[in-house]
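This report refers to the structure that appears directly beneath it.
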2 protein chains.
Amino acid sequence: MTHHDTATKLLDAAEQLFAEQGFAETTLRAITQKAGVNLAAVNYHFGSKEALIQAVFQRFMDPFSEAITKQLDQLGEHEEMVTLEWLLGVLVALAIGNTEKEQERALIFFRLAGLAYTQSQDHLRRFFKQRYAALFERYLRLLCNALPEIPPTELFLRSHFALGSVIFTLQGFTSMQQISQQDFGNPLGLDKVVERLLPFVVAGFRAPYGAS
Amino acid sequence: MTHHDTATKLLDAAEQLFAEQGFAETTLRAITQKAGVNLAAVNYHFGSKEALIQAVFQRFMDPFSEAITKQLDQLGEHEEMVTLEWLLGVLVALAIGNTEKEQERALIFFRLAGLAYTQSQDHLRRFFKQRYAALFERYLRLLCNALPEIPPTELFLRSHFALGSVIFTLQGFTSMQQISQQDFGNPLGLDKVVERLLPFVVAGFRAPYGAS
DNA sequence: TTCTGTTTTAAACGTACGTTTGAAACCTCT
DNA sequence: AGAGGTTTCAAACGTACGTTTAAAACAGAA
């Protein structure tokens, strides 16, 4: 089933190490060692470290982006009557997955997303914009349908605010989990946190506009 | 007035470069060159690059932390009747400042905060926890007073959500500014964004709890 | 001025990085 | 079995990093 060819092994090792340590901090020597392959393999199969970083993101984003597109396509003619809850629900369901394995990988995904936003990797930002901007715009248009009382410029901002809540929270999830555990004795699962994140974001999106 | 001694020049150069490129990506050679001092100056005055990073944060955080403490102290006996808007207002006013110069530096601060959260600099997380955890707990306690209908564990989470919105948004502020400009033709000042960020966060904090 | 401690300087050190190389190993056809 | 193309491998390359060093420059007190 899983070929476990060298390229795949490299992607597996890289995504985990990148998520743990960041891009600049993760060396090709660490990646190739974890993957159990030769140091030169990265440059042979991907060309460079930058290209490997992009490949890691692409492997995450492409299925995600495709799944969202499929969901949005199913709307058909009913685009006008879509709700905020439905839109966010689609994202959440696809992002966090069902099985424990999937959720574990979702955390890596969020951590990487946070890194992509933070680290000055300009090539990554260009890559994202070029490849996924259209999807974001389509989603934003639906958001405008769902919340017609909020102007589009404000929804653009609020989607960034919401994205910030989610990525920031989930990228530091494991460490926050520890803090929360020792402060309150509550073990928190990823799904539990998302369950509590959602009302926060929904309320933020629905906040009355113009009421200074 | 400003001594502009070597250590200060180094902190000035370092905080700007760190904010632009991240910690690992900024070399001591770049810092010392920008500061116009000798390469060895960092190790002479601070001991190491890590220590310089901490010093940069300390110069930002200590006055900020002190100012907040002073504001909270002024509450005196009225701690019980503090409002959410007042608590957030204190933070906002102190964080973004008044003059344009202050706001410019505030952006650097947010960018650094985002970096500190994202990059795996464990020494920084330890430094933060050890030095500012008490203040955060005090603030959280006041938040519980202001929103007694929301349980503390939930407020702990929501404060992380809110922090995420703010830091995530403002750390990528300049790039978002460009996108927003070209998409909607709106030039956005920092104060304008914060003005729109605040209702989002307030609504999130006030979201009814338990209404799944 | 001379002495003493501090600061600055140019140069070098050792290390670790991403990348390149050329030969060996492997695979797949005929 | 052997040729040809692909993949792996150990080794090395060149570069850039953080740090150290030892001498020079500077400062203030005696």
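These figures come from a predicted structure and were not determined experimentally. Note on naming: letters A, B, ... go to the chains in the order of the sequence lines (proteins, then strands), and numbering restarts at 1 for each one. Reckoned from all heavy atoms, side chains included, excluding hydrogens, waters and symmetry mates.
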Side-chain N or O of Asn43(A) less than 4.0 angstrom from OP1 or OP2 on dG18(C)?
-> no
Cation-pi between Arg111(A) and Phe18(A): NZ/CZ under 6.0 Å from ring centre and within 45° of the ring axis?
-> no
Value in whole Å for how far the P atom of dG18(D) lies from CD of Glu25(A) = 12 Å
Atom CZ of Phe46(A) to atom C1' of dT20(C): distance rounded to whole Å?
-> 18 Å
Atom-to-atom span, CG of Leu17(A) to C1' of dG18(C) - whole angstrom = 16 Å
Measure from the side chain of Leu39(A), starting at C-beta and using heavy atoms only, and say which of dT8(D), dT19(C), dG18(D) lies closest.
-> dT19(C)
Are there more than 12 heavy atoms of other residues, nucleotides or ligands under 6.0 Å from atom CD of Glu102(B)?
-> yes
Whole angstrom is fine here: how far is it from CG in Asp5(A) over to P in dT7(D)?
-> 10 Å
Check the surroundings of atom CD in Gln58(B): do more than 12 heavy atoms from other residues, nucleotides or ligands lie under 6.0 Å from it?
-> yes
When the distance from NZ of Lys9(A) to C1' of dC9(D) is rounded to whole Å, what number comes out?
-> 14 Å
Of Tyr44(A) and Arg29(A), the one whose closest DNA chain D nucleotide lies more 5' | Tyr44(A)
Can a side chain N or O of His45(A) be found less than 4.0 Å away from OP1 or OP2 on dT8(D)?
-> yes
Ring centre gap for Phe127(A) and His123(A) strictly below 6.0 Å | no
Sugar-phosphate, base or nothing in reach of Ala40(B), heavy atoms under 4.0 Å | base
Indicate, with a heavy-atom threshold strictly under 4.0 Å, whether Thr32(B) touches base, sugar-phosphate, or nothing.
-> nothing
Take atom CG of Leu52(B) and atom P of dG18(D), then tell me their distance rounded to the nearest Å.
-> 11 Å
Distance in angstrom units between Lys49(B) NZ and dT19(D) P, rounded = 8 Å
d(CD, Gln33(B); P, dG18(D)) in whole Å = 13 Å
Has Thr6(B) got a side-chain N or O lying under 4.0 Å from the OP1 or OP2 atom of dT8(C)?
-> yes
Distance only, no hydrogens: is a donor on one side chain within 3.5 Å (strictly under) of an acceptor on the other, for Asp5(B) and Thr8(B)?
-> yes
